[in-house]
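Single-structure report; data block below.
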2 protein chains.
Amino acid sequence: MFNFAPRNAKMNQSAEEKIKHAALRVFIQKGSANCTSREIAREAGMNVALVNYYFRSKSKLFALIFESVMQDFLKSMVQVFSSDLPIREKIRILIEREFEFLGQHPEIPNFVLNELARNPEAIDGFIPVLNMVNESGVFDEARKLQERGDMRQMDIVQITLLIMSNCQYPFMAQPLMKVIHGVSNETYKEHLTAHKTHAVNMVLGYLFPNDQL
Amino acid sequence: MFNFAPRNAKMNQSAEEKIKHAALRVFIQKGSANCTSREIAREAGMNVALVNYYFRSKSKLFALIFESVMQDFLKSMVQVFSSDLPIREKIRILIEREFEFLGQHPEIPNFVLNELARNPEAIDGFIPVLNMVNESGVFDEARKLQERGDMRQMDIVQITLLIMSNCQYPFMAQPLMKVIHGVSNETYKEHLTAHKTHAVNMVLGYLFPNDQL
DNA sequence: ACAAATATTAAACACTTGTTTAAAACAGAT
DNA sequence: ATCTGTTTTAAACAAGTGTTTAATATTTGT
């Protein structure tokens with residue numbers, strides 16, 4: 001996950017790699033605008049000038065990082081739907097993988113949605129990933145299933161929304177929920193694993209209303 | 001909505017008011033960290049120094065704005081649950097109001113969740129609103145209903161998540177969905193109104209599995 | 001070992017940041 | 001008109017911003 005390939009391979013980790021990893025951490029935690037080049041350099045244990053030596057500018061570095069995050073963000077969705085499992089299994093596995101991924105990277109949905117909403121340039125570093133999704137045929141297949149009457153009739157956009165809402169929001173809302181309900185980190189994590197089951201059952205139950213319980 | 005009371009009432013709108021409204025717009029659009037005092041002043045058509053003359057500091061101004069946004073953000077939830085409608089109606093009306101509110105303020109969920117995740121000080125300006133929620137007895141009542149076996153047994157935290165996920169995420173994800181599915185602003189708005197019905201039916205169907213269709 | 005290429009550094013650049021200051025414009029009361 | 005307190009402004013402040021430069025260290029090929 002987030003495994004940048006080394007270009008000038010040294011024994012351990014090249015400076016370029018260190019900066020990329022530091023940038024990933026800092027950008028995700030603070031956002032593209034609310035962090036400094038010096039902060040990234042410090043996190044990587046290097047000089048500020050090196051950041052621009054390897055990546056030309058802060059915005060170029062950000063575009064690089066953002067694209068790789070988007071890759072991971074959408075990868076599992078594409079992978080699962082490109083498989084040849086029956087549709088119900090696809091959705092179940094998709095949701096379960098999403099919960100697993102977000103359990104390890106809970107800040108990513110907020111990072112992505114926030115950048116897309118507030119930093120229009122972020123969309124540039126996003127176009128390549130866009131093709132990945134389209135070329136996967138994910139949506140075409142869902143449409144086919146609907147034509148066979150196998151699934152509740154609703155627009156693909158809204159099916160996407162249904163799934164992603166119930167996967168991503170619980171992780172995005174963690175700080176809000178913790179303070180509203182006054183729960184600790186640990187108990188919220190337990191709520192999240194329990195919520196996975198609810199998400200699967202509710203979404204499947206709604207998309208396939210004719211299934212027996 | 002977001003109606004700041006004037007303190008030194010002039011004929012039109014006092015400078016203090018103008019700054020508050022400008023700050024509201026700028027903070028919500030850019031976030032607390034990614035905007036400048038001068039930007040707020042310019043948006044209000046006033047001098048930079050006036051911002052600090054009335055509000056002491058940028059962070060004090062932000063705390064003020066953030067608290068008022070949180071008020072509106074949670075108000076409808078508290079209002080609906082404080083009423084004496086049957087539980088199903090409460091949830092239905094809550095979701096519908098939420099969609100209506102977010103239709104007019106679609107940037108607010110992203111604003112709130114992002115600040116809570118990245119700006120720890122934001123929580124300070126949040127505590128008063130917290131009491132509002134607790135004192136409303138919202139959660140106590142939900143628990144009572146569950147004890148009567150009226151509702152699917154699941155933790156209040158997860159019921160909250162279920163409802164808020166399906167209301168807020170569709171608005172937060174608008175930029176992502178637009179670029180993934182290549183739809184325009186107008187068609188996405190249509191998707192949102194259609195999604196309201198799905199959210200109501202899905203959530204009610206899952207929380208009350210014994211209801212007839 | 002030496003020279004060329006690459007990597008790294010400290011320092012500087014011009015610019016923006018939040019905040020303060022001191023002076024000016026304005027209001028209302030006498 | 002004069003005084004009084006309030007509101008508004010332009011200018012300045014130190015600190016921090018992204019980026020560049022020119023010098024130094026390190027690696028690489030011979």
Side-chain angles (χ1 to χ4, degrees), chain A residues 4-27 29-66 115 118-122 124-125, chain B residues 4-27 29-66 115 118-122 124-125:
Chain A
F4 299 111
R7 210 161 63 183
N8 297 345
K10 285 189 190 173
M11 46 179 70
N12 259 339
Q13 202 182 23
S14 72
E16 196 177 347
E17 288 296 294
K18 283 186 195 164
I19 294 174
K20 268 192 200 172
H21 280 98
L24 178 72
R25 285 194 297 272
V26 175
F27 277 140
Q29 204 215 332
K30 302 215 175 191
S32 67
N34 187 23
C35 73
T36 73
S37 304
R38 283 169 177 82
E39 198 172 356
I40 294 172
R42 197 183 322 129
E43 174 87 6
M46 333 225 79
N47 192 288
V48 203
L50 269 191
V51 175
N52 283 355
Y53 175 74
Y54 282 113
F55 303 98
R56 302 291 299 270
S57 73
K58 185 190 171 190
S59 64
K60 290 232 175 63
L61 173 57
F62 175 76
L64 199 75
I65 299 292
F66 188 72
E115 293 295 336
R118 289 176 175 172
N119 175 13
E121 295 180 52
D124 297 344
Chain B
F4 299 113
R7 210 161 64 180
N8 296 345
K10 284 191 190 171
M11 46 179 69
N12 260 339
Q13 202 182 21
S14 72
E16 196 176 348
E17 288 295 294
K18 283 186 194 165
I19 293 174
K20 269 192 198 170
H21 280 99
L24 179 71
R25 286 193 295 274
V26 175
F27 277 140
Q29 205 215 330
K30 304 217 174 189
S32 67
N34 188 23
C35 74
T36 73
S37 304
R38 284 169 176 82
E39 198 172 354
I40 294 172
R42 198 185 321 131
E43 175 87 7
M46 334 224 79
N47 191 289
V48 204
L50 267 192
V51 175
N52 282 357
Y53 174 74
Y54 282 113
F55 303 98
R56 302 292 299 271
S57 74
K58 186 190 170 189
S59 65
K60 289 232 175 64
L61 173 57
F62 175 77
L64 200 75
I65 300 292
F66 187 73
E115 294 295 337
R118 289 175 175 173
N119 175 14
E121 297 181 50
D124 297 344

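Labels below follow one simple rule: chain letters A, B, ... track the order of the sequence lines, proteins then strands, and each chain is numbered from 1. Since we're looking at a predicted model, the values are computed, not measured.
Taking a 6.0 Å sphere around CD of B/Gln29, one finds it holds 12 or fewer heavy atoms contributed by other residues, nucleotides or ligands.
Counting to the nearest Å, the P atom of C/dT20 and the NZ atom of B/Lys58 are 15 Å from each other. One interatomic measurement links the two molecules: NZ of A/Lys30 to C1' of D/dG16, which rounds to 13 Å at whole-angstrom precision. Between A/Ile40 atom CD1 and D/dG16 atom P the separation is 17 Å, expressed in whole Å. The distance from atom CG of B/Asn52 to atom P of C/dT21 is 12 Å, rounded to the nearest whole Å. As a whole-Å value, the separation of A/Leu50 CG from D/dT21 C1' is 14 Å. Taking atom CD of residue A/Glu39 and atom C1' of nucleotide D/dG16, one finds them 12 Å apart after rounding to whole Å. With rounding to whole Å, B/Arg42 atom CZ is found 17 Å from D/dT9 atom C1'. Rounded to an integer number of Å, the gap from A/Glu17 CD to C/dA7 P is 13 Å.
Not a single donor-acceptor pair under 3.5 Å links the side chain of B/Glu16 to the backbone N or O of B/Tyr54. Panel note: side chain A/Glu43, backbone A/Arg25; no donor-acceptor pair is recorded below 3.5 Å.
If you check distances only, the side chain of A/Arg38 never reaches the base of D/dG16 with a donor-acceptor pair under 3.5 Å.
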side-chain contact (heavy atoms from CB on, under 4.5 Å) assessment of A/Phe27 paired with A/Leu61
CA-CA 10 Å; A/Phe27 277 140; A/Leu61 173 57; 4.1 Å; yes
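At a threshold of 4.0 angstrom between heavy atoms, the contacts of A/Val51 with the nucleic acid are absent. In this structure, B/Ser57 reaches the sugar-phosphate backbone alone: every heavy-atom distance under 4.0 Å involves primed, P, OP1 or OP2 atoms, never a base.
Side-chain contact annotation: A/Glu121 with A/Ser59, donor-acceptor N/O pair under 3.5 Å absent.
OP1 or OP2 of C/dA10 has at least one side-chain nitrogen or oxygen of A/Asn47 nearer than 4.0 Å. At the phosphate of D/dT19, neither OP1 nor OP2 sits under 4.0 Å from any side-chain N or O atom of A/Tyr53.
Checking C/dG18, D/dT9, C/dT8 against the side-chain heavy atoms of B/Met46 singles out D/dT9 as nearest.
Between A/Leu64 and A/Lys20, the shortest heavy-atom contact is CD2-CE, 3.6 Å.
With axes fitted over five pairs at each extremity, the angle between the ends of the helix from C/dA4-D/dT27 to C/dT30-D/dA1 is 10° (10° resolution).
Map B/Ala49 and B/Thr36 each onto its nearest nucleotide of DNA chain C; the residue landing nearer the 5' end is B/Thr36.
Atom CD1 of A/Ile19 sits about 9.0 Å away from atom CD1 of A/Ile40, to the nearest 0.5 Å.
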